[in-house]
K.L.:
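Shown below is the structure under consideration.
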Protein chains: 2
Amino acid sequence: MPQRLIRKLEHFVRLSGGDKLALQGLAQKVRAVGAHEDIIREGDNPLHVNLILEGWACRYKQLADGRRQIISFFVPGDLCDPHVFVLRQMDHSIGSLTPLRFAQIPREALLGVTDRHPRITRALWWETLVTAAVQREWTVNIGQRSALERMAHLLCELFIRLRCVGLSEGNSCPLPVTQTELADATGLTSVHVNRTLQEMRSAGLIVLRSKTLTIPDPAALQKVALFDADYLHLEHEGAHLDANEPEELPNGSTPGTSGAAWTHGGGGSGTQHG
Amino acid sequence: MPQRLIRKLEHFVRLSGGDKLALQGLAQKVRAVGAHEDIIREGDNPLHVNLILEGWACRYKQLADGRRQIISFFVPGDLCDPHVFVLRQMDHSIGSLTPLRFAQIPREALLGVTDRHPRITRALWWETLVTAAVQREWTVNIGQRSALERMAHLLCELFIRLRCVGLSEGNSCPLPVTQTELADATGLTSVHVNRTLQEMRSAGLIVLRSKTLTIPDPAALQKVALFDADYLHLEHEGAHLDANEPEELPNGSTPGTSGAAWTHGGGGSGTQHG
DNA sequence: CGCACTCTTGACGAGTTTCAATGTAAGTGG
DNA sequence: CCACTTACATTGAAACTCGTCAAGAGTGCG
């Protein structure tokens, strides 16, 4: 089931067959919820690590007066806080943005796997550190970039992350969130997000309709976003592996499209849905 | 040497004498630099974990056009990325804000200690997760709060963090940074930081002169900041322990001042410099 | 004593928010 | 199949926060 997670981790380490089997075993308890439901709430005592299988979710925090900040997005293959058990209670909430399928991984299951699979341990470390790096980049993004740059940067990041788990197709990927949610994530108002998106559209930077984002000219979008993919740390040896393919690369022509334009080794294109 | 680190960690776990000795041993290679020097630069390959002993530093990132965002502050007792070795290269820089003394801890030294001291391992976990929580809170802060709320929130956070390592005195603590640096941290301009600070001064929320911050009415400042200390996760059993005191609490009257006003268990007041 | 850095203040303008209305698309139920 | 509802996107006008530019005052240090 956790194909997306496996695929993502292989951007960093090369997993053995046994490693992959162990990861498969983690997704025992699968739950499904509708859109706009909380999975964990601020103040709760965390009991398991959630692995997103299908749909989007987000980390968010709400201020006393109702203002809401989306702190990060979760897409398929993402783990919510692998090491959360150290803390007594959640300092933020996690909620679904779309209908969601996710696995609840008990603490012991995760420990069991990492005890026996050092490569997985390393890979989850990498996952955790990249998540932290993304968080830092969001600080930079919200703190320094203009609305236009900010939206562009967010879209660049989301596209690459989706491509890493095989959810992009050419220069397109799903973007199943409302403008209000984009606003909560960027620290703008929904009205201004709307205007910003239209500006990006009329500049030919993006095509966005029916929840599908297309980026006609990746280099151009990255340029206005001052986007530098280094913080996603995709430079490692597994970067070119496709989890669904045999271990040996087909070699020669790249299976996907537009690889180098995005980052050193982003991996090939994937197929929508899996 | 790393009294401040020990003191901070004891807000989470109770360390044994052996634990403390082991932590002492980490600060072998001590370095000193002046203000405004880089300790590590974006792109560098990290070779050790830095432990701040004296002075302030910051994590920052610079955009291509020169805009700079300070991503986090480091104060005495703070560790810079205990697990950074997993990644190939730094995605941000760390630089001193004041003259700085810090220890460079080699990877093996850290591993050696954590292998033999499970309590320290847990405590460093806690440290790491709190750092991540702080980063999330900064996202909320910059994304949702007005200039006034934002500055107030930052000052609340810094005061508590300094108090946790014994660097506060009553309602005062050092604040050895320029308004330009506060601006880079909050995503404002130095001009606007200046006006915001003056507004806070004339509202009686803060006293700030010669790099010393005093908060006459903590509750009031927290209120305008919409500040909730939960994200600092200071609620654990060691919260009332003072590393420099005997293990038994004096009981009865709290040794410090203004405890409850700040958070459930912030620890007593400390003495400037140690 | 003078230079450099930091803080402070004013005037002005741009970017963004707020408020409010309208448009559009996709259900739902009769 | 059509009124009714709900959610989301779009638009305009006015207000305001905050940024920009520029100059002057304060402070510390060599």
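A note on names: the letters A, B, ... follow the listed sequences, proteins ahead of strands, and every chain is numbered from 1. Computed from heavy atoms alone, side chains included, the values below leave out hydrogens, waters and symmetry copies.
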K.L.:
In terms of side-chain heavy atoms of A:Asn194, which of C:dT17, D:dA9, C:dT6 is nearest?
P.N.:
D:dA9
K.L.:
Please report, rounded to the nearest Å, how far the C1' atom of D:dT27 is from the CZ atom of B:Arg209.
P.N.:
16 Å
K.L.:
Which of the following nucleotides, D:dA9, C:dT6, C:dT16, is nearest to the side chain of A:Gln179?
P.N.:
D:dA9
K.L.:
Just the rounded figure in Å: distance from C1' of D:dC8 to CG of A:Leu175.
P.N.:
14 Å
K.L.:
Select base, sugar-phosphate, or nothing to describe what B:Ser146 touches, counting heavy atoms under 4.0 Å on all strands.
P.N.:
sugar-phosphate
K.L.:
Between A:Thr139 and B:Gln69, is there a side-chain donor-acceptor contact under 3.5 Å, judged purely by atom types and distance?
P.N.:
no
K.L.:
Hey, is CZ on B:Arg201 packed in by over 12 heavy atoms from elsewhere, all under 6.0 Å?
P.N.:
yes
K.L.:
Looking only at side-chain atoms of A:His36, point me to the closest of D:dC8, C:dG10, D:dG12.
P.N.:
D:dC8
K.L.:
B:Val191 has a side chain; which of D:dT10, D:dG19, C:dT9 sits nearest to it?
P.N.:
C:dT9
K.L.:
What is the separation between atom CG on A:Leu188 and atom P on D:dC16, rounded to the nearest whole Å?
P.N.:
21 Å
K.L.:
Taking CD from A:Glu199 and P from D:dT11, how many angstroms apart are they, rounded to a whole number?
P.N.:
13 Å
K.L.:
Give a yes/no on whether any side-chain N or O of A:Arg67 is located under 4.0 angstrom from OP1 or OP2 of C:dT17.
P.N.:
no
K.L.:
Please report, rounded to the nearest Å, how far the C1' atom of C:dT8 is from the CG atom of B:Leu182.
P.N.:
15 Å
K.L.:
Would you mind reading off the distance between B:Ile142 atom CD1 and C:dT16 atom P, rounded to a whole angstrom?
P.N.:
15 Å
K.L.:
So, B:Asn141 and B:Glu137: side-chain donor and acceptor under 3.5 Å apart, yes or no?
P.N.:
no
K.L.:
Counting only side-chain heavy atoms from C-beta out, which of D:dC18, C:dT9, D:dC8 sits nearest to B:Gln198?
P.N.:
C:dT9
K.L.:
Is A:Arg195 side chain donor-acceptor paired with the C:dG15 base, going by distance under 3.5 Å alone?
P.N.:
no
K.L.:
Heavy atoms under 4.0 Å, any strand shown: does A:Leu197 hit a base, just sugar-phosphate, or nothing?
P.N.:
nothing
K.L.:
Is the phosphate of C:dC7 approached by B:Lys211 (side-chain N or O, under 4.0 Å from OP1 or OP2)?
P.N.:
yes
K.L.:
When you measure from the centre of the six-membered ring of B:Tyr60, is the NZ or CZ of B:Arg68 closer than 6.0 Å and no more than 45° off the axis?
P.N.:
yes
K.L.:
Give the rounded distance in Å between these two atoms: CD of A:Gln144 and P of D:dC18.
P.N.:
15 Å
K.L.:
Across the strands shown, which category fits B:Arg145 at heavy-atom distances under 4.0 angstrom: base, sugar-phosphate, nothing?
P.N.:
nothing
K.L.:
With a 4.0 Å cut-off on N to O distance, would you call A:Arg41 and A:Asp44 a salt bridge?
P.N.:
no
K.L.:
Give the rounded distance in Å between these two atoms: NE2 of A:His192 and P of D:dT11.
P.N.:
14 Å
